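Shown next, in structure tokens, is the structure this report addresses.
All heavy atoms count here, side chains included; hydrogens, waters and symmetry mates do not. Lettering follows sequence order; numbering is per chain, from 1. As the structure is a computational prediction, the values presented were derived from the model and not from experiment.
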Amino acid sequence: MIKYNKEAYQLIHDGILALSRVEQQGICVDLDYIKKEKDKITEEIKKLENEIYDSNFFKVWEKSSKTKTVNIYSGQQLSRYLYKIKGIRIKKETETGQGSTDEETLRKLNIPELDMFLRIKKLKKIRDTYLKSLERECSDGYIHPFFNLHNVRSFRSSSSAPNFQNIPVRDEESMNIVRGAIYPRPGHQLLELDYNQLEVRIAASICKDKNLIRDVTDGDMHRDMAIEIFRVDKFDSTIEGHSKLRKAAKNGFVFPQFYGDYYKNCAENLACTWGELSKSKWVSGQGIKMNGVHLSDHLIKQGIKSYVSFENHIKNIEFDFWNKRYNDYYRWRETIWNRYQHKGYVSSKTGFVFRDLMKKNDVTNYPIQSSAFHCLLWSLIEGVKAQNREHWDTKIIGQIHDSIVLDVNSSELQMVLNVMNCIMCNDVRQHWDWIIVPLEIEAEISPIGCSWAEKKPYKF
DNA sequence: GGAACTCGCCAC
DNA sequence: AAACGTGGCGAGTTCC
């Protein structure tokens, strides 16, 4: 039998208390701004809808429809029209075998009405998922998102009402509109403290892979993999194309591999999504530009003349990645997978036990994902303690898996940064000596009185 | 008219 | 043998 782990219990106990304080403090939102933005969006949607309704594309759809009225927002109706009526060849299917109507698929069809439709969908997402929920959950100018510790299979957290953990950040326009509604308190600034590569550092601590420890301590694995994947001999991040290659290696290979993906998916994503190439024949002048040279020309010159040979190339890189570069990590995964199959459970470093029926990827990911999040949770608990003990005017207002969001009084900024840096990078390692690599945080901050959309990296 | 489902999309 | 991990949420749809 597994012993009851008092330490794991205590972490959740303290975590819930700290997070309830965070929830109670809340986050300022600007309701007038939200109303204005919603109206602007509604106007634009109306215009675009009318354009679609006036189009020949739509009229044919209406004539061929089985239903009385066409609902352009019904995936089923759209799928039937595109693939059954218009006879477009299905390139991607959904889980249930229906022709897909996701953004990537529709974009490739090059139909102007569908581009308008996708624009509407994006605007609706901003309005209906984000702005509406901020408005709905706002009381007296504040929202109080829940941070739950009891929902997630891996013992991470979740957030709801509204979900504070999926606010747009990558897409410029969505980011600006939604984060433009979120404000610090008067005289304050929004500060986000983000662990640098937390999950990878925790993975290195758990599997003790020598090369992984080296790379998170004093290296750049994404750059290294970009060099291998794209066969560039000298890497210069000041060249725009090269930082794109590094990003491609990171998001198209390294992370997916760590999560348990395999080379076929990686090859497709690297070539098509990140490299802007196609799976059909590679010809000159395709793909992202690096120093004026297109990726297709570069790869062809390097002897990778087609998608098929690129896939094979990625297969070899995957083999090296797990059998040479990170072989200790690979062996750790095999070991705990075997142990799970014999004993029926696996544990995190923080004392949590997973006894569900799990796939291999689950068994190897959960201990890492949970231990990483628990570092953040421990830091948050200590941060809230400091806030209370020292009577900060600064408030911890949220948490996003590996980052802490604060509403900081500008006069306390340097002090708060020092205290939080000490907690997040030093104290947590004293508490858990199994963390055997350095931890680092990065900061982003918005100017006084400005919304979260104005956040900028902050060196300290 | 609500529960449960699918699909799609936002975050880490 | 398997083949990307974790959530929340909105809209459409189907079932009861």
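In this structure, the nucleotide among C:dG12, B:dC10, C:dG5 sitting nearest to the side chain of A:Asn166 is B:dC10. Proximity note for A:Glu103 (side chain, C-beta onward) versus B:dA11, B:dC12, B:dC9: the nearest is B:dC9. Here the nucleotide nearest the side chain of A:Asp261, chosen from B:dG8, C:dA3, B:dC10, is C:dA3. Residue A:Tyr73 places its side chain closer to C:dA11 than to any other of C:dA11, C:dG10, B:dC10.
Between A:Gln76 and the phosphate of C:dT14, there is a side-chain N or O to OP1/OP2 separation shorter than 4.0 Å. Residue A:Ser158 places at least one side-chain N or O under 4.0 Å from the OP1 or OP2 atom of C:dG8. Phosphate proximity of C:dG8 to A:Thr129: absent, as no side-chain N or O sits under 4.0 Å from OP1 or OP2. At the phosphate of C:dG10, OP1 or OP2 sits under 4.0 Å from a side-chain N or O atom of A:Arg136. For A:Asn361 and C:dA3, the shortest distance from a side-chain N or O to OP1 or OP2 is not below 4.0 Å. Using a 4.0 Å cut-off, no side-chain N or O of A:Asn265 falls inside it from OP1 or OP2 of C:dA3. For A:Asn71 and C:dG12, the shortest distance from a side-chain N or O to OP1 or OP2 is below 4.0 Å. Dashed line: the shortest gap from a side-chain N or O of A:Tyr366 to OP1 or OP2 of C:dT6 is under 4.0 Å.
The aromatic rings of A:Tyr329 and A:Trp322 stand perpendicular to each other, their planes meeting at an angle above 60°, with 30° marking the opposite boundary. The aromatic rings of A:Phe321 and A:Phe253 lie perpendicular to each other, with more than 60° between the two planes, well past the 30° mark. The aromatic rings of A:Phe354 and A:Tyr366 sit tilted relative to each other, their planes meeting at an angle between 30° and 60°. Ring planes of A:Tyr307 and A:Phe310: tilted class, angle from 30 to 60°. A tilted orientation is assigned to the rings of A:Phe255 and A:Phe258, their planes being inclined by 30° to 60°.
If you measure from atom CD of A:Glu199 to atom C1' of C:dG7, you get 13 Å, rounded to the nearest angstrom. Atom P of nucleotide C:dG5 and atom CH2 of A:Trp337 are separated by 13 Å, given to the nearest angstrom. Look at CG on A:Leu149: it is 13 Å from P on C:dG7, rounded to the nearest Å. To the nearest angstrom, P of C:dT6 lies 18 Å from CG of A:Leu198. Distance A:Gln165 CD to B:dC12 C1': 8 Å, rounded to the nearest Å. Distance, A:Leu82 CG to B:dC7 P: 16 Å, rounded to whole Å. Per the geometry, NZ belonging to A:Lys121 stands 19 Å off P belonging to C:dC9, to the nearest Å. With rounding to whole Å, A:Phe147 atom CZ is found 12 Å from B:dA11 atom C1'.
In this structure, A:Thr101 reaches the sugar-phosphate backbone alone: every heavy-atom distance under 4.0 Å involves primed, P, OP1 or OP2 atoms, never a base. Within 4.0 Å of A:Glu95, counting heavy atoms only, lie sugar-phosphate atoms of the nucleic acid but no base atom. Contact annotation for A:Lys359: backbone-only contact, meaning every heavy-atom pair under 4.0 Å involves sugar-phosphate atoms and none involves a base. A:Gly75 comes within 4.0 angstrom of no nucleic acid atom, judged by non-hydrogen atoms across all strands. Looking at heavy-atom distances under 4.0 Å, A:Phe373 makes no contact with the nucleic acid at all. Looking at heavy-atom distances under 4.0 Å, A:Asn365 makes contact with sugar-phosphate atoms alone, never a base. As judged by a 4.0 angstrom heavy-atom cut-off over every strand, A:Ser157 is placed among residues making no nucleic acid contact. Heavy atoms of A:Asn269 sit under 4.0 angstrom from at least one base atom. Contacts of A:Thr364 with the nucleic acid, taken as non-hydrogen atoms under 4.0 Å apart, are absent. Residue A:Gln77 is classed as a sugar-phosphate contact, given heavy-atom separations below 4.0 Å to backbone atoms only. Within 4.0 Å (heavy atoms only), A:Arg127 reaches no atom of the nucleic acid at all. Residue A:Asn148 is out of contact with every strand shown, counting any heavy-atom pair closer than 4.0 Å.
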- Evaluate side-chain hydrogen bond (donor to acceptor under 3.5 Å, both in side chains) for A:Gln98 paired with A:Gln76, printing each intermediate quantity in order. CA-CA 8 Å; A:Gln98 177 182 260; A:Gln76 275 178 27; 4.9 Å; no
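When each of A:Gln189, A:Lys395, A:Arg185 is tested with A:Asp407 by the rule side-chain hydrogen bond (donor to acceptor under 3.5 Å, both in side chains), just one qualifies, namely A:Arg185.
At a cut-off of 3.5 angstrom, counting only N and O atoms as typed in the model, there is no donor on one side facing an acceptor on the other between the side-chain of A:Arg170 and the base of B:dC10. One N or O donor and one acceptor, one from the side chain of A:Lys125 and one from the base of B:dC9, sit under 3.5 Å apart.
A cation-pi contact, defined as under 6.0 Å to the ring centre and within 45° of the axis, is absent between A:Lys91 and A:Tyr83.
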